[in-house]
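As structure tokens, the structure follows; a few thoughts come after it.
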Amino acid sequence: MVTSQQVELLAPLSGVLMALDNVPDPVFASRLIGDGLCIDPTSQVLCAPLAGVISNLQHTGHAISITHANGVQVLLHIGLDTVNLGGKGFTALVEEGQQVTAGQALIEFDADYIALHARSLLTLMLVVSGEPFVAPSPGGVLVETGQPLLRLQLGQAETVAEVQAGDTQRSQPQRLPNPNGLHARPAAVLAQAAKGFAATLHLHKQGESANAKSLVAIMALQTVCGDSVYLSACGSDAEQALKVLSELLAEGCGESVVAVAPEAQPVAVPEPVASNELRGVCASPGSAFGHVVQLTESVLQISELATDQRHEREQLQQALAGATAQLQTLCDTTQGKAQAEIFNAHQELLEDPGLLEQAFGLIEQGKSAAFAWQSATHQTATLFKGLGNRLLAERALDLDDVGQRVLKLILGVQDCALELPDLAILIAEQLTPSQTATLDTRKVAGFATVGGGASSHVAILARALGLPALCGMSPQVLALANGTEVLLDADQGQLHLEPDPQRIRQLTLQRALQHQRQQQDLQQAAQPASTRDGVRIEVSANIASLAEAEQAVSLGAEGVGLLRSEFLYLERSSPPSHAEQVATYSAIAGVVGTGHNLVVRTLDVGGDKPLAYVPMAHEANPFLGMRGIRLCLERPHLLREQFSAILASADLTRLHIMLPMVTQLSELRMARQLLEEQALALGIKTLPKLGIMIEVPAAALMADLFAPEVDFFSIGTNDLTQYTLAMDRDHPRLASQADSLHPAVLRLIATTVKAAHAHGKWVGVCGALASETLAVPLLLGLGVDELSVSVPLIPSIKARVRELDFVACQALAQRVLGLESAGQVRAALQPLVQPMTELES
Ligand code: PEP
Ligand code: MG
């Protein structure tokens, strides 16, 4: 008879019973996770051994936990090392949080596939909540699914005091090195070690936390390799616990992990990456074949306290001066103004009063120069990274970079020259702008990083160096062994592992031809962009600075289709004066001249791009919050000031003003009224052209109502894609799906163009889609009048237009609008890419 003090566990499978001692896995055999049973299955459906709630279902489907109402927790783990199958062979029949009855089917699995691809099919049923039981003597007994197996005695599990007095301490954030995150075995090792401390311990990942003494809670965090985690502790032995557990996490909690090698040293990698293709986001176009070289930053040893404050102050001052001089050398030697500006910006960071005040303040409190500088830069960078804003997160990288430069000078650490093989494909968590600018392009063929974004300074530098590069890679890439042959195809966002020789030959040839082609395009950059059948398309530039305006003109830009004016205001702690704003716009207008359009987009800040001097409330969804025109209309003085500064350039260029994020007609009307008032105040009778970005689906769908009231539209495909597909534009795991060639986005472009042309207005595309060679025929076919593109791509986009037949583009566009997916659209466009061999002649 089962009493209320007892819980009965049923066999989750049919098969042969085995004692845990015989399981060929020390973590399970030692009962680290919990005591229980093992079954060598003869059936293929895992069923619930007791009623309860699914407290954890691993996304790979190989392990599941059930918690009974009385607290009993049972973990079922199908096979050994099956986490590596990445979900293949498992079909979950239930969901996390679901209530299940005893005997209910939970997971169906393909025994043949697992037996062939994993270490073992042995399946474990473990009582992780610790209730004692008397196990049947298993020795080869055959059991049937649903047959009663174990009877647990309740109220006898070990409990851990959770309430602790005292302050909570935190460990430094660290990246998980485990190839599959903290799945059952490493989670068990961590939980077991945590149980050895009296302190309350939690493991945190991106706003979620788990009791670090609970295996199930740790597994429920669903961590993956490379996740940034930290520990918090409260209690008498908190400090010791944090130290021990942080070390354990760094070592992989008993699992073989990617060793963190000293800077630029080869990394020993025990675990191969499963698939032979990894995906990322193109940071710099092109392709390259080469051998993996893993790069890791060395950890600098820093002591916290110092006795001689004067000495520490001097040390910091000297290091700052040294870093400024190094950056000046970089500015002077780097080619191109845009690159030099990056290092100028780094120099400015070294003079940032907030940063200096913080660092010198810490020295006053008795901290060492190195510690004080690191804390100050680290805190600001963490703040930037945590704001959920791509641009600020990318600027945080600059801060990390410059922070490290000064730190090395304080500590007297020399950067040893990197010994690279020929054709090195660098792989790193992240490259800094300084590292990128100094890469030896005779040896480095390209790079791929986990972090970074297509608009980061690293990406800009890579493009300037002509190095193909991918960012936003899966952390799996860090597990590639040094020397692995790879083919980096940045154009397709792919890193092929062990590619076949024919493909290598093909891409090497393509690369040479690409280079030849770029040279040809450059020679013809000043020629207009007209299709073979005589349709003229304007190819203009997307810029964010005067230097880019100059570069754009030299590369044949027919004006500026998008000046992202927020870049002039973002990295400052006080608003620019009217005179400063006027000077900036006038200088750019002067470069563009009266023969071309200068489209100045008004501030696209707010929510995700906060301006330091405009206090804003925290928002849960900044991309859906007070952004762009919404923010400016809420604070009209911002818009008035900007309008009046822009209007000062009215005579220097063909001035156009463009409003970002417009969703409602009322926004356009209010902004126009403010513009008219400012123009009146300045005595300007002819208003500049006023247009809107089409980047919110609402605006595209209502383009017929907007069109009569604007002078032009410019389609922001970056945001239009994000809002149409409900996919964060910077989400690394959605990068391959958030594709602007999705037919839904293309249909909105078609709707916009049709509405604009019906009212005699022109339409540009200034989102990144316009800079994709593949998309050019389609955009032309959809009727787009202007392509505003990334500066270095101006010659190649113009050349692409010259190759096309407009009538054929129109037919193509109609065909593509009926397709189902971005993949199908890409496939339809691919044959139109001019075969490289044609170029040889
Ligand atoms: C866009 O959204 O496509 C665009 C051009 O604007 P931004 O990338 O600056 O948001
Ligand atoms: Mg946008």
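Since we're looking at a predicted model, the values are computed, not measured. Whatever order the structure lists them in is the order used to number ligands and atoms, beginning at 1.
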Is there a side-chain contact between V535 and L780, using heavy atoms and a 4.5 Å cut-off? no

Exactly one candidate in V825, V816, L748, L817 meets side-chain contact (heavy atoms from CB on, under 4.5 Å) with P743; the answer is V825

Aromatic ring pairing Y723/F623, orientation class (parallel under 30°, perpendicular over 60°, tilted between): perpendicular

E772: salt bridge (Lys or Arg N to Asp or Glu O under 4.0 Å) partners, not counting sequence neighbours: R826

Can you list the ligand 1 atoms lying under 4.0 Å from a non-hydrogen atom of E695? 1 (C), 2 (O), 6 (O)

For R564, counting its heavy atoms only, list the atoms of ligand 1 lying under 4.0 Å from any of them. 4 (C), 5 (C), 6 (O), 7 (P), 8 (O), 9 (O)

Run down the list D719, L562, I715, T717 and name the one with the heavy atom closest to atom 2 (O) of ligand 1. D719

Would K761 and D711 satisfy salt bridge (charged side-chain N to carboxylate O under 4.0 Å, His left out), going step by step from the backbone distance to the final call? CA-CA 6 Å; K761 309 294 164 67; D711 293 305; 5.5 Å; no

Tell me whether ligand 1 is touched by R627 - counting only heavy atoms on the residue side and a distance under 4.0 Å. yes

Give every donor-acceptor pair under 3.5 Å between a side-chain atom in residues 639-648 and any protein atom, sequence neighbours left out.
unit_1 : atom_1 : unit_2 : atom_2 : d
Q642   : OE1    : L603   : N      : 2.9
Q642   : NE2    : S565   : OG     : 2.8
Q642   : NE2    : Y585   : OH     : 2.9

Honestly, for R601 the part within reach of ligand 1 (heavy atoms, under 4.0 Å) is side chain

For the Mg ion (ligand 2), check which protein N, O or S atoms are under 2.8 Å away and list them. E695 OE1, D719 OD2

Among R564, M693, R601, exactly one meets side-chain contact (heavy atoms from CB on, under 4.5 Å) together with C766. Which residue is that? M693

So, 4.0 Å and heavy atoms of M693: is ligand 1 close enough to count as a contact? yes

For the residue pair N542 / S790, report whether a side-chain donor-acceptor contact shorter than 3.5 Å exists. no

Please report, to 0.1 Å, the donor-acceptor pairs under 3.5 Å made by any side chain of residues 701-710, with sequence neighbours excluded.
unit_1 : atom_1 : unit_2 : atom_2 : d
E709   : OE1    : R669   : NE     : 3.0
E709   : OE2    : R669   : NE     : 3.3
E709   : OE2    : R669   : NH2    : 2.7

